[in-house]
Amino acid sequence: MDKQVLEEAFKFHGHICWASAAGVRAGLAALRQLGVRRTGTSGELHCVLEIGENHGAQCFADGVQYATGCTLGKGNIEKAGWGKLALTLIDKKNEKAVRVSYKPGRHKAIAESAFMTKRGQGIPPTDIPEKEAMEMAVIVWDAPEDEVLIIGPVHPHAWGDDFGEIMGLIPCDNCGELVSRVYLRVVGKSHMCIPCSGYER
Ligand SMILES: [Zn+2]
Ligand SMILES: [Zn+2]
């Protein structure tokens with residue numbers, strides 16, 4: 001597979017690791033199964049990631065974001081919070097979806113890599129040569145797909161109507177910073193951002 005895609009994904013992610021490589025492969029496989037391309041807008045695809053908080057290998061999520069174009073900023077990605085390395089990609093227009101999950105078919109080789117051996121000895125990742133990190137990441141990248149991914153069937157997935165993007169940024173009467181109009185709160189005669197308003201949400 002094209003290593004340039006992987007290198008660009010690592011640049012976006014911030015470091016070289018097996019989990020983000022797995023995320024890129026999973027995201028690309030989901031696009032292929034649905035017959036769609038990486039999205040540049042919020043209207044086409046929606047992704048549900050099964051990762052949670054504060055656990056290893058959440059790097060998977062950045063690989064998925066890079067591959068699919070579903071990103072935090074566009075609001076077309078969300079976390080289910082189950083602590084699993086899997087995603088469901090939804091084609092909103094055609095109302096179909098596919099689930100792809102990481103299969104640990106090469107996990108022993110990853111665990112035995114020079115990089116992981118050093119991590120096990122308590123060496124911080126920044127002190128391990130990039131070459132060794134790359135050797136670990138390509139274990140996932142170069143593996144046959146059926147050893148690192150489980151790809152479910154493409155299935156119907158109802159979507160319905162999006163509310164659409166709510167336009168308009170208005171300055172908070174208290175701090176003067178711009179706020180999306182739907183997030184302004186009324187305090188007496190003023191319109192304030194949530195932190196200034198004292199409301200929780
Ligand atoms: Zn990572
Ligand atoms: Zn404010």
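First listed ligand is number 1; within each ligand, the first listed atom is number 1.
- Taking the six-membered ring for Trp and the full ring otherwise, H55 and F60 have centroids separated by 6.0 Å or more.
- Seen from the Zn ion (ligand 2), atom SG on C196 and atom SG on C175 lie at an angle near 110° (rounded to 10 degrees).
- Annotation for E177: atom CD does not count as buried by contact number, only 12 or fewer foreign heavy atoms lying within 6.0 Å.
- Take the N/O/S atoms of H15: the one nearest the Zn ion (ligand 1) is NE2.
- The angle subtended at the Zn ion (ligand 2) by SG of C172 and SG of C193 is 110°, given to the nearest 10°.
- A salt bridge is defined here as a Lys NZ or Arg NE, NH1 or NH2 lying under 4.0 Å from an Asp or Glu carboxylate O, and R32 with E145 meets this definition.
- The angle subtended at the Zn ion (ligand 1) by SG of C17 and SG of C59 is 110°, given to the nearest 10°.
- In this structure, R38 satisfies the cation-pi test against Y66, with its NZ or CZ atom closer than 6.0 Å to the six-membered ring centre and inside 45 degrees of the ring normal.
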